[in-house]
Amino acid sequence: DIDRWVIDHVMTYISGIDHESESIAFINLSGNTINDFSLTRYISEKLDEHNVAAHQVCFEITETAAITNYGAAIKFIEAVRSMGCLFALDDFGAGMSSFSYLKSLPVDYLKIDGDFIRSMDDSDMDRAIVEAINNIGHVATLKTIGEYAETDKIIQNLKDIQVDFAQGYAIEKPHKI
């Protein structure tokens, strides 16, 4: 119910954004949501109701949720992407054993876990992990997003290793919708 409420409110908010805009709204979904087969119909209805361009919406689930509900995740992601929406794998790297899942999960973005980003300035190991995840993401033809980009120094480090996007307080504070 919360995910549906968020989807409706985000769609209402972005319905005023120019469809030619490159802005994308990222909507986090709970792990249980991907088991709700009626949600894809709900998403389609909300896209139509609010006249939102599907390419302006990117749904995201955590790496753990995708792996835990692997079969349902594949079906859900494929259904949402067939509408034209995008999909992100959130908190990637928290379960480093899951690199092999990148071969079969049909996602568009790879969000690098913020715990690595946050400490990459002080830890050569964390910087190397961020760099490795970014490189693997690019080999898989995914756009990468560095979470927890909280300082200008972190932003510069992400630029230096060619992470595609950053998310965090150094970019923008969250907005009330």
Side-chain angles (χ1 to χ4, degrees), residues 10 14 17 19-31 33-34 43 53-172 174:
V10 169
I14 65 174
I17 296 174
H19 289 279
E20 300 303 316
S21 169
E22 292 188 35
S23 296
I24 299 173
F26 283 76
I27 302 173
N28 283 292
L29 298 175
S30 68
T33 297
I34 61 175
I43 291 168
H55 70 272
Q56 290 184 288
V57 180
C58 182
F59 292 97
E60 52 185 280
I61 58 172
T62 64
E63 171 189 17
T64 303
I67 292 167
T68 302
N69 304 301
Y70 188 72
I74 296 275
K75 288 177 185 173
F76 180 77
I77 293 168
E78 287 176 343
V80 171
R81 289 184 75 215
S82 73
M83 292 179 217
C85 297
L86 302 171
F87 219 92
L89 192 57
D90 196 9
D91 295 336
F92 190 81
M96 293 296 281
S97 63
S98 59
F99 275 110
S100 63
Y101 286 99
L102 283 180
K103 293 179 184 178
S104 56
L105 281 172
V107 298
D108 303 287
Y109 292 90
L110 189 61
K111 292 183 75 177
I112 304 168
D113 186 79
D115 286 337
F116 298 119
I117 303 291
R118 180 179 277 153
S119 42
M120 66 186 282
D121 289 344
D122 302 319
S123 167
D124 290 340
M125 178 62 85
D126 285 343
R127 182 183 170 97
I129 290 170
V130 170
E131 199 165 354
I133 293 170
N134 183 62
N135 289 339
I136 289 169
H138 286 163
V139 167
T141 68
L142 303 175
K143 296 289 186 186
T144 55
I145 302 171
E147 298 180 320
Y148 291 23
E150 297 173 342
T151 67
D152 291 337
K153 187 175 179 186
I154 289 174
I155 297 291
Q156 188 57 54
N157 282 330
L158 292 172
K159 285 179 182 179
D160 291 347
I161 61 175
Q162 299 176 348
V163 172
D164 298 303
F165 299 96
Q167 174 185 354
Y169 286 167
I171 300 294
E172 187 74 43

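The figures here come from the full heavy-atom set of this structure, side chains too, leaving out hydrogens, waters and symmetry mates.
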By ring pair (Phe, Tyr, Trp, His ring centres under 6.0 Å) - contacts of Phe26 (at least two apart): Tyr109
Nearest 0.5 Å, what's the CD-CG distance between Glu60 and Asn28? 3.5 Å
List for me each residue that meets side chain to side chain contact (heavy atoms under 4.5 Å, CB included) alongside Ala166, sequence neighbours excluded, and say none if there are none. Ala149, Ile155, Leu158, Ile171
Looking only at heavy atoms, the pair that brings Ala25 and Val10 closest together is CB-CG1, 3.8 Å
Gap between atom SG of Cys85 and atom CD1 of Ile43 - 0.5 Å precision: 6.5 Å
Is any side-chain heavy atom of Leu110 closer than 4.5 Å to one of Ile133? yes
Before you tell me yes or no, could you show the steps for Val163 and Ile145 under side-chain contact (heavy atoms from CB on, under 4.5 Å), namely the whole-Å CA-CA distance, both residues' side-chain angles and the distance that decides it to 0.1 Å? CA-CA 6 Å; Val163 172; Ile145 302 171; 5.7 Å; no
Apply side-chain contact (heavy atoms from CB on, under 4.5 Å) to residues Asn157 and Asp160 and explain how you reach the verdict. CA-CA 5 Å; Asn157 282 330; Asp160 291 347; 4.1 Å; yes
If you measure from CD1 on Ile112 to CG on Asp90, what distance do you get to the nearest 0.5 Å? 11.5 Å
Could you measure the distance from the CZ atom of Phe59 to the CG atom of Leu29? Nearest 0.5 Å is fine. 6.0 Å
From Tyr148 OH over to Asp113 CG, what is the distance, rounded to the nearest 0.5 angstrom? 7.0 Å
Across all chains, not counting sequence neighbours, the side-chain hydrogen bond (donor to acceptor under 3.5 Å, both in side chains) partners of Glu147 are none
Any side-chain heavy atom of Leu86 sitting closer than 4.5 Å to one from Ile24? yes
Nearest non-hydrogen partners of Ala66 and Leu89, listed with the distance: CB-CD1, 3.8 Å
In short, Ile34 meets Ala65 closest at the heavy-atom pair CD1-O, 3.9 Å
Do Gln156 and Asp152 have side-chain atoms, one donor and one acceptor, less than 3.5 Å apart? no
Indicate the atoms forming the closest heavy-atom contact of Ala88 with Cys58, along with that distance. N-SG, 3.7 Å
From CA spacing to verdict: side chain to side chain donor-acceptor pair (under 3.5 Å), Thr144, Asn134: CA-CA 6 Å; Thr144 55; Asn134 183 62; 2.6 Å; yes
Can you tell me if Ser82 uses its side chain to pair, donor with acceptor, with the backbone of Ala79 under 3.5 Å? yes
Counterpart residues, side chain to side chain contact (heavy atoms under 4.5 Å, CB included), relative to Ser30 (two or more places apart): Asp3, Asn32, Thr33
Shortest non-hydrogen contact between Asp115 and Ser119, atoms and distance: O-OG, 2.9 Å
Tell me which pairs pass salt bridge (Lys or Arg N to Asp or Glu O under 4.0 Å) where either residue lies in residues 116-138, with sequence neighbours left out. Arg118-Glu150
Just grab all the salt bridge (Lys or Arg N to Asp or Glu O under 4.0 Å) pairs involving residues 70-89, residues at least two apart or on different chains. Arg81-Asp108
Distance col, row Leu105:CG vs Tyr70:OH, nearest 0.5 angstrom, shows 5.0 Å
Quick one: are Ile61 and Phe87 in side-chain contact, heavy atoms under 4.5 Å? yes
